[in-house]
Number of protein chains: 2
Amino acid sequence: MGEMAADPGPPAPVLTQRQEARRRRILHAGAQLAGRGGFEAVQMREVADAAGVALGTLYRYFPSKVHLLVALMEDQLQRLHAALRRRPPSAGCADRRVAETLMRAFRALQREPHLADAMVRALTFADRGVSPEVDAVSRLTTAIILDAMRLEEPTRDQLAVVRVIEHTWLSALITWLSGRESIAQVRRDIETVCRLIDLPEADRDGPGP
Amino acid sequence: MGEMAADPGPPAPVLTQRQEARRRRILHAGAQLAGRGGFEAVQMREVADAAGVALGTLYRYFPSKVHLLVALMEDQLQRLHAALRRRPPSAGCADRRVAETLMRAFRALQREPHLADAMVRALTFADRGVSPEVDAVSRLTTAIILDAMRLEEPTRDQLAVVRVIEHTWLSALITWLSGRESIAQVRRDIETVCRLIDLPEADRDGPGP
DNA sequence: CGCTAATCTAGAACAAGTTTCAGACCCGTT
DNA sequence: AACGGGTCTGAAACTTGTTCTAGATTAGCG
């Protein structure tokens with residue numbers, strides 16, 4: 001019963017210059033449109049138009065709207081990850097550093113709430129066909145959190161905590177985006193879940209699986 | 001910066017017998033279809049057909065597919081809530097009771113994974129237009145968890161913990177449904193987040209809002 | 001019973017994601 | 001430079017959620 005790591009599959013089929021440029025143009029157009037109206041404003045015909053590419057080509061690069069938006073999220077997360085390496089969180093204990101990191105990410109999303117809407121909705125709406133891509137995003141998020149905790153070799157238990165933090169992070173975002181939770185509450189949720197970090201190992205008596 | 005409780009709005013405009021029956025037929029048809037193919041298999045024309053109702057009527061009762069599926073989830077949760085009142089979780093400490101409760105709900109969902117898929121995807125995909133309905137589901141979930149904790153008058157802090165548990169619950173479901181997390185991992189996540197219950201109040205030094 | 005407003009039905013129409021196809025284009029090979 | 005396979009384009013077609021319309025039914029009321 002292992003980790004179900006996603007098979008990386010065909011290892012990125014090597015794009016020519018022009019193809020790489022096309023891919024970037026598409027992502028850029030997607031971000032542009034998402035930046036206004038959010039998920040619904042990203043219309044495939046308009047993306048293709050704005051990117052100067054035929055509809056069929058768009059679908060060759062991103063097999064669905066959700067794929068496109070998830071790729072966009074991956075892009076943003078990579079940027080964030082890089083920024084965090086440059087200026088890592090400074091707090092003294094791990095839980096504060098993680099909370100600080102997530103709040104930094106949250107503030108970044110607040111700057112473009114529509115874009116956040118598009119990316120997060122795509123991420124949670126994705127079905128099994130997008131699993132590899134969603135998994136890449138998840139691994140990136142995990143990496144960011146583990147960085148903040150300054151952990152190289154997490155234990156099983158620490159990984160479970162990280163997963164729970166990730167769950168909270170994502171779901172709190174959804175709740176915020178749909179207007180059912182305030183910014184302050186999101187902050188509170190993040191701080192609350194971060195209490196799980198460096199908590200004494202709870203002994204459990206349940207029998208193994 | 002309060003709770004943002006959703007205005008209940010027009011308090012359920014009183015349906016005639018036949019209308020109530022229609023509503024149930026629609027929900028039943030929706031559940032039926034969702035039970036096979038999940039979210040995508042719930043096609044509005046087919047729902048209308050199976051419920052013996054015109055498409056326009058379906059849309060009068062449920063203004064969108066997401067509304068319909070969220071209503072379904074509310075329905076199921078009410079059933080679960082009732083069942084839990086009949087046979088409440090028995091464990092000695094609050095965190096075990098909550099974990100037991102959520103695992104019970106999880107097992108119920110496992111029995112009809114496609115239905116679960118449809119309901120959960122709808123719930124997280126819902127936009128602001130569905131907020132009141134999603135909020136009803138959220139309140140129900142909160143009530144179920146508070147029941148398991150046997151709390152009548154939760155403190156602010158306890159409410160934050162409950163929110164985090166809810167976040168974890170929902171997001172773990174998503175991850176399971178998309179095949180990226182195993183049943184065992186979901187169980188582990190639930191047990192992990194439940195450790196937050198009856199944790200000594202962490203002192204925090206951040207200034208108020 | 002007969003009236004009136006609201007509701008329901010059947011079906012067309014519209015919108016946006018996705019698929020398909022014929023032909024033009026680009027790239028590495030000979 | 002000509003060739004051949006994969007890639008791109010433009011446009012139409014298809015699918016499914018959603019909206020609209022005209023006429024039939026129903027519910028409540030005098």
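Note that the structure is predicted; figures quoted are calculated from it, not measured. Note on naming: letters A, B, ... go to the chains in the order of the sequence lines (proteins, then strands), and numbering restarts at 1 for each one.
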Measuring only between side-chain heavy atoms, which start at C-beta, is [X] closer than 4.5 Å to [Y]?
| X | Y | value |
| --- | --- | --- |
| Leu123(B) | Met119(B) | no |
| Gln76(B) | Glu112(B) | no |
| His114(A) | Leu33(A) | no |

- Message: For His81(A), I'd like to know if atom NE2 has over 12 heavy atoms of other residues, nucleotides or ligands within 6.0 Å.
- Response: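 Yes, enclosed.
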
- CD1 of Ile144(A) to CD of Glu166(A): how many Å apart, nearest 0.5 Å?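 Reported to 0.5 Å precision, the distance equals 9.5 Å.
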
Under a 4.0 Å threshold between the charged nitrogen and the carboxylate oxygen, would [Y] count as salt-bridged to [X]?
| X | Y | answer |
| --- | --- | --- |
| Arg24(B) | Asp75(B) | yes |
| Arg45(A) | Asp49(A) | no |
| Arg187(A) | Glu191(A) | yes |

- Reading DNA chain D 5' to 3', which nucleotide is the first, and which the last, to come under 4.0 Å of any heavy atom in chain A?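 Contact boundaries, 5' end first: dT7(D) to dA13(D).
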
- Message: Which residue in the set Asp189(A), Thr192(A), Thr168(A) passes side chain to side chain donor-acceptor pair (under 3.5 Å) when paired with His167(B)?
- Response: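 So, applying the side chain to side chain donor-acceptor pair (under 3.5 Å) to His167(B) and each of Asp189(A), Thr192(A), Thr168(A), only Asp189(A) qualifies.
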
- Query: Is there a donor-acceptor contact under 3.5 Å from the side chain of Asp95(A) to the main chain of Arg195(A)?
  - Reply: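 Checked: no pair found.
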
- Message: Tell me whether the NZ or CZ atom of Lys65(A) lies within the 45° cone about the ring axis of Phe125(A) and under 6.0 Å from its centre.
- Response: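 Here Lys65(A) fails the 6.0 Å and 45° test against Phe125(A).
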
- Message: On DNA chain D, compare the nucleotides closest to Arg18(B) and Thr57(A); which residue's is nearer the 5' end?
- Response: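 In this pair, the answer is Thr57(A).
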
- Could you go through the side chain to side chain contact (heavy atoms under 4.5 Å, CB included) check for Leu173(B) and Val186(B) one step at a time? CA-CA 7 Å; Leu173(B) 276 185; Val186(B) 172; 5.6 Å; no

- Message: Can you list, in residue-number order, the parts of residues 59-66 of chain A that come under 4.0 Å of DNA chain C, counting heavy atoms only?
- Response: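 Here the set is Tyr59(A), Ser64(A), Lys65(A).
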
- Item | Contact list for DNA chain D against residues 35-53 of chain A - heavy-atom distance below 4.0 Å |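 By residue number: Arg45(A), Gly52(A), Val53(A).
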
- Message: Heavy atoms within less than 4.0 Å of DNA chain D: which residues of residues 22-33 of chain A have one? Give them sorted by number.
- Response: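 Under 4.0 Å from DNA chain D: Arg22(A).
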
- Task: Tell me yes or no: between the side chains of Arg18(A) and Thr16(A), is some donor less than 3.5 Å from an acceptor?
- Result: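 Their side chains do not contain a donor-acceptor pair, so the 3.5 Å distance test is not met.
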
- Provide the start and end nucleotides, 5' to 3', of the part of DNA chain C that has atoms under 4.0 Å from heavy atoms of chain B.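 Terminal contacting nucleotides, 5' to 3': dT7(C) to dA13(C).
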
- Message: Once side-chain contact (heavy atoms from CB on, under 4.5 Å) is applied, do any residues pair with Pro154(B), and if so which ones, sequence neighbours excluded?
- Response: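 Partners of Pro154(B) by the side-chain contact (heavy atoms from CB on, under 4.5 Å) criterion, ordered by chain and then number, come out as Leu146(B), Leu151(B), Gln158(B), Leu159(B).
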
- Any chance you could lay out the side chain to side chain contact (heavy atoms under 4.5 Å, CB included) test for Thr141(B) and Leu170(B), step after step, and finish with the verdict? CA-CA 10 Å; Thr141(B) 312; Leu170(B) 197 65; over 6 Å; no

